[in-house]
Amino acid sequence: MFYFVIFIQTAINTGVGIGAILLAGECLKIMYSELSPNGSLKLYHFIAMVTVVMIVISQLPTFHSLRHINFGSLLLSLGYSFLVVGACIYAGTSKNAPARDYSLESSNSAKLFNAFTSISIIAAIFGNGILPEIQATLAPPATGKMVKGLVMCYTVIFITFYSTAVSGYWVFGNKASSNIIQSLMPDEGPSLAPTWVLAVTVIFVLLQLLAIGLVYSQVAYEIMEKKSADVNQGMFSKRNLIPRIILRSLYMMLCGFFAAMLPFFGDISGVVGAVGFIPLDFILPMLLYNKTYKPPKSTFIYWINISIMIVFTGAGLLGTFSSVRKLVLDASKFKLFSDDVVD
């Protein structure tokens, strides 16, 4: 069970780390393209810049040392979400409003695969509740803190995720990009919202992505440093400092390399949701409950847990297949180290 959980946590944290670096690089590229439309720098150049920054800030030694960054991340989430919603409303009501098409794929199989990919992405979004759960268990009493943390987490997710998703789909229909800022700043024609609003939004997103990449990497660091660190020596002793710098730098370089090589943000979200968040949030808790409390097989709670495990095991397998399928289909259209992020 330990290695099962470690595998899932590692998949989640690595996937989120890759996605955060990729989108942060795209944000830099968006700003660069506005300032220098004919510039020679490519997406992978900006990903390399972000990776260097992440290597530096990843040296913050503990989860507790990130508490102020977490609070700033919360404010940034609310800030850029409200700015994006305002920009979408502005774009949708302006004279340059884009044509909207809300139709689905014509093929039934494509609809089915897209549905399960979407379920996996939504699982990835709402699966972020594992972070306040981890934080809440760091200091007793865990129960009260965990409930408050999860309520706060899901409130923020609901407000930010659905406000941007609904407003973005309303104005762009099925042509909405997974990075809605990219839709608001098309390659051809003028921006669909005031430039200053989009500039502030991009900066907010960039800073938020650095915070996300930093927070999600902590579990991976914890796993690595359980083997490499000597608990009998100080956190900043040469014995612990040098391995920490090397291991964290290598981990970030690995994430940056895959972000540059395979720029598939929407596909990565689907894979992470299917492989990581669905098992961790919808299967494992029910399994642990039945193992720990051992409710009789004749009880309602036992069979509810079994039913949830079966349903979400199927959803996870289908979501994994559909997400990987979409990743393969998108990969066939783009070369490695592409200059564009694939939705």
Side-chain angles (χ1 to χ4, degrees), residues 19-20 22-39 41 43 46 73-105 114 117-118 121-122 124-126 155-212 263-270 326 330 333-334 338-343:
L22 171 59
L23 279 188
E26 186 184 21
C27 287
L28 286 177
K29 180 174 179 281
I30 289 172
M31 292 189 287
Y32 175 75
S33 299
E34 289 297 309
L35 297 173
S36 180
N38 299 316
L41 294 180
L43 175 62
F46 298 106
S73 177
L74 167 63
L75 299 180
L76 289 169
S77 295
L78 296 172
Y80 72 66
S81 295
F82 294 148
L83 286 171
V84 164
V85 171
C88 286
I89 293 173
Y90 179 92
T93 56
S94 69
K95 62 180 180 180
N96 296 321
R100 302 166 199 176
D101 182 4
Y102 300 116
S103 62
L104 302 177
E105 297 269 4
N114 288 340
T117 301
S118 300
I121 293 174
I122 291 173
I125 298 298
F126 282 93
T155 301
V156 173
I157 290 173
F158 187 85
I159 292 172
T160 56
F161 178 70
Y162 280 106
S163 62
T164 53
V166 171
S167 59
Y169 187 71
W170 169 71
V171 67
F172 296 109
N174 55 23
K175 300 301 181 184
S177 171
S178 58
N179 183 356
I180 202 66
I181 300 174
Q182 195 70 52
S183 296
L184 291 165
M185 303 174 71
D187 294 332
E188 298 179 1
S191 298
L192 300 177
T195 303
W196 70 268
V197 172
L198 296 175
V200 173
T201 304
V202 170
I203 293 172
F204 279 12
V205 171
L206 176 61
L207 295 174
Q208 163 74 340
L209 288 167
L210 294 177
I212 288 174
F264 305 104
F265 174 67
D267 299 343
I268 289 174
S269 298
K326 188 172 185 299
D330 287 339
K333 304 174 186 176
F334 291 85
S338 172
D339 192 39
D340 296 306
V341 175
V342 183
D343 292 331

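Hydrogens, waters and symmetry mates play no part in the numbers below; they use all other heavy atoms, side chains included. Residue numbers run from 1 in the order of the sequence given.
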- prompt: Heavy atoms, side chains only, cut-off 4.5 Å: are I181 and V202 in contact?
  reply: yes

message: What I'd like to find out is whether the side chain of L22 reaches to under 4.5 Å of the side chain of L43, using heavy atoms alone.
response: yes

Would you give me the side-chain donor-acceptor pairs under 3.5 Å for residues 191-201, sequence neighbours excluded?
from, atom 1, to, atom 2, distance (Å)
T201, OG1, V197, O, 2.7

- request: Heavy atoms only: give me the nearest P98-A91 pair and the separation to one decimal.
  value: CD-O, 4.3 Å

- prompt: Can you tell which of V85, V171, V84 makes a side chain to side chain contact (heavy atoms under 4.5 Å, CB included) with I180?
  reply: V84

Qualifying side chain to side chain donor-acceptor pair (under 3.5 Å) pairs with a residue from residues 155-171, counting only residues at least two apart or across chains: none

task: Hey, could you give me each pair passing side chain to side chain donor-acceptor pair (under 3.5 Å) that has a residue in residues 76-102? Not counting sequence neighbours.
output: S77-Q208, D101-S103

query: For L104, which residues count as a side-chain contact (heavy atoms from CB on, under 4.5 Å) partner, sequence neighbours excluded?
result: K111

statement: Sorted by chain and residue number, the ring-ring contact (aromatic ring centres under 6.0 Å, His included) partners of F46 (sequence neighbours excluded) come out as Y32

field: Distance (rounded to the nearest 0.5 Å) between I157 CD1 and I122 CD1
entry: 12.0 Å

statement: When rounded to the nearest 0.5 Å, the distance separating CD1 of I203 from CE of M31 is 6.0 Å

Distance in Å, L184 CG paired with L83 CG, rounded so as to fall on 0.5 Å steps: 11.0 Å

task: Could you pull out all residues at least two apart from F82 that satisfy ring-ring contact (aromatic ring centres under 6.0 Å, His included)?
output: none

message: F204 vs L75, test: side chain to side chain contact (heavy atoms under 4.5 Å, CB included). Steps then yes/no.
response: CA-CA 9 Å; F204 279 12; L75 299 180; over 6 Å; no

